[in-house]
Amino acid sequence: MRTSLIYRNGTVYEVLMRALYGRHYTARYRAIAELIPEGASAIDLCCGPATLYTRYLRRKSVAYTGLDLNERFVARVVEAGGRGEVWNLRSDDALPPADYVIMQASLYHFLPEPRPVIDRMLAAATKQVIIAEPVRNLATSNNPVLATIGKRFTDAGDGEQAHRFTEQTLDEFFAEYGPRVVRQSLIAGGREKLYVLTA
């Protein structure tokens, strides 16, 4: 599987994400972890190197399953004591059920039509769907060099992703889910927007 450098190694991924988010790096995970009660079950889509689990959810005895296209990241989940599965979220396969179904900073991978993956998340969740998505992105920078870097480093194994959400387009998208949206707020210093939908 051909991937961008950021997706080839869990440590490299975390270092680059820390550089990108700076002092807001831990806040982006805490905002989600605070929504998951102790002992709950959670499915984390596009889980990456399982930072949410290893640093926040494992200590709360959350029954965690990480799904990712990247075999290295899935292996890291299993090594950390969680359950992991290699999973292509572009398929129509039903997701495993869980109290909470989470996706962090990955919805843009499904543009221009993210509805099918959101609908499968809602079908799998018994309590809530939690989505945090970047709304300030390198890929949409006015600086052409930064924009090129942002686009080229986003191949998780299924091609580079040129499209991104802004806060306005993300709000417009979730407006279609109307009363299911029980919370929305900016997190991580305004770099991401958090949406919570009732199952």
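Under the 30°/60° scheme for interplanar angles, the aromatic rings of Tyr29 and Tyr56 are found to lie parallel.
Two different hydrophobic clusters hold Val62 and Val74 under the rule that ILVMFWY side chains link at heavy-atom gaps under 4.5 Å. Hydrophobic cluster membership differs between Val78 and Trp87, with clusters built from Ile, Leu, Val, Met, Phe, Trp and Tyr side chains linked at under 4.5 angstrom.
Formation of a donor-acceptor pair under 3.5 Å by the Glu71 side chain with backbone atoms of Val86 is not found in this model. For Asp99 (side chain) and Ala42 (main-chain N/O), no donor-acceptor pair under 3.5 Å exists by modelled atom type. Between the Arg164 side chain and the Pro134 main chain, no donor and acceptor come within less than 3.5 Å of each other. The closest donor-acceptor contact from the side chain of Lys127 to the backbone of Ala40 lies at 3.5 Å or more, if one exists at all. Within the 3.5 Å criterion, the main-chain N or O of Arg72 finds no donor-acceptor partner in the side chain of Arg76. The backbone N or O of Cys47 lies less than 3.5 Å from a partner atom in the side chain of Asp68, making a donor-acceptor pair. Checking side-chain atoms of Glu113 against main-chain N and O of Arg115 turns up a donor-acceptor pair under 3.5 Å. With hydrogens and angles ignored, the 3.5 Å screen pairs a side-chain donor or acceptor of Ser106 with a backbone N or O of Gln104. Side chain of Arg120 to backbone of Leu89: a donor-acceptor contact under 3.5 angstrom is found. At least one donor-acceptor pair closer than 3.5 Å links the side chain of Arg58 to the backbone N or O of Ala80.
In this structure the side chain of Ile130 reaches within 4.5 angstrom of the side chain of Ile36, judged on heavy atoms.
Remark: Gln168 CD is loosely packed, at most 12 non-hydrogen atoms of other residues, nucleotides or ligands lying under 6.0 Å away.
Side-chain contact of Gln184 with Tyr195: a donor-acceptor pair under 3.5 Å is present, judged by distance alone. A donor-acceptor pair shorter than 3.5 Å can be found between the side chains of Arg30 and Thr26.
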